[in-house]
Number of protein chains: 2
Amino acid sequence: MSELKKRSSCPVSSSLDIWGDKWSLLIVRDLMFAKQCTYGDFLKSAEKIATNILASRLQMLEENGIITKLEHPDSKAKVLYKLTQKGIDLLPLMVEINLWAEKYFSLPKDRLAIITEVKKDKEGFLKATTKELQRNSNLT
Amino acid sequence: MSELKKRSSCPVSSSLDIWGDKWSLLIVRDLMFAKQCTYGDFLKSAEKIATNILASRLQMLEENGIITKLEHPDSKAKVLYKLTQKGIDLLPLMVEINLWAEKYFSLPKDRLAIITEVKKDKEGFLKATTKELQRNSNLT
DNA sequence: ATAATAAACTTGCAAAATGCAAGTGAATAA
DNA sequence: TTATTCACTTGCATTTTGCAAGTTTATTAT
């Protein structure tokens, strides 16, 4: 399917060429929350992504090194997806999205709770969460 | 045209509902660089946005309070667009996109120069740039 | 004053991406 | 061995994008 064509050499444009659509960052979000997800897990998310779109986004994100597949320990029928380092490095961006949203939307309180945590010590949160995601990354 | 329908109450999802497409953040980028742009200025950007898409994005961004129109001092035929505070608040997000991109793409050196600046003192850069954009905001 | 140019869009249509519903095929569970 | 689960695929309608050619109002040149 997807051949990545760069519109320009601008960092913002190049980034959007990869994950600049309505769905990709939601997949990344799910992986940041859950560390690893199956195909079915993504389908269960609140936004109700269509299965064909999910498949094409997962492929795109994998081709661009944001996520990887791995075997599910329990079953060959299942596939686990997780973030690569390149994907984990989207965490600061994800945090800023949340901080911006908190200023301009009214959010459910479980989400607000996390954002409040982040605001208390952004650097600390980033370090800790990055580490957690990386740890998960290493136990194959 | 655009009636904003939220897919969920998630901050990431709500944010993407507004600017989660291939073009909106490029418009914001242009405004962060140039402080204010005419319709024609946007068309001149490297990525070559189609004029109808530009019109619909500008409308969307205006409806959602990210940008505003103002009269051009030189001519009634021209229109100036600038960021609102809500738009200016996307700066930290924009900065993180640049930092991520710098890690994973090879960028033109003028862009690298700015990113290097940012890395030296992120907080300082954010404060200074926000102030500049706000200053511009206030002289109607 | 009149005609030509420019600036900000609009319109029409083809092509691509999205969304929905119903498959398919391999693997596990009953 | 049959049924169910899981990860996708496929087909088709709808929506969005992209391209090219207008249209309209405002300025500039004659």
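Every chain is numbered from 1, with letters handed out A, B, ... down the list of sequences.
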In this structure, how many angstroms lie between the [atom2] atom of [N] and the [atom1] atom of [X], rounded?
| X | N | atom1 | atom2 | value |
| --- | --- | --- | --- | --- |
| B:Tyr39 | C:dC9 | OH | P | 6 Å |
| B:Asp21 | D:dG18 | CG | C1' | 14 Å |
| A:Asp74 | C:dA26 | CG | P | 22 Å |
| B:His72 | C:dC9 | NE2 | P | 14 Å |
| A:Leu43 | C:dA22 | CG | P | 16 Å |
| A:Arg7 | D:dG18 | CZ | P | 8 Å |
| A:Lys5 | C:dA16 | NZ | C1' | 9 Å |
| A:Ile53 | D:dT15 | CD1 | C1' | 11 Å |

DNA chain D: 5'-proximal contact among B:Ala77 and A:Thr38 (nearest heavy atom): A:Thr38
Between [options], which nucleotide has the shortest distance from any of its atoms to the side chain of [X]?
| X | options | result |
| --- | --- | --- |
| B:Arg57 | C:dA27, D:dT17, D:dA7 | D:dT17 |
| A:Ala55 | C:dT10, D:dA26, D:dC8 | D:dC8 |
| B:Thr51 | D:dA20, D:dT16, C:dA8 | D:dA20 |

Side-chain (A:Ser8) to main-chain (A:Cys10) donor-acceptor, under 3.5 angstrom: yes
Polar side-chain atom of A:Asn98 near backbone of A:Met94 as donor-acceptor pair, under 3.5 Å: yes
Kindly say if [X] contacts the phosphate of [N], meaning a side-chain N or O under 4.0 Å from OP1 or OP2.
| X | N | value |
| --- | --- | --- |
| A:Tyr81 | D:dC8 | yes |
| B:Ser75 | D:dT27 | yes |
| B:Trp23 | D:dT17 | no |

Side-chain touch A:Ile27/A:Cys37, heavy atoms, less than 4.5 angstrom: no
5′-ward residue of the pair B:Asn52/B:Gly40 relative to DNA chain C: B:Gly40
Closest-nucleotide ordering on DNA chain C, the 5'-leading residue of A:Ile49 and B:Lys78: B:Lys78
Touch class at under 4.0 angstrom, heavy-atom based, for A:Lys69 against every strand present: sugar-phosphate
Cation-aromatic face contact B:Arg7/A:Trp23, 6.0 Å, 45 degrees: yes
B:Lys48 atom NZ: more than 12 heavy-atom contacts under 6.0 Å: yes
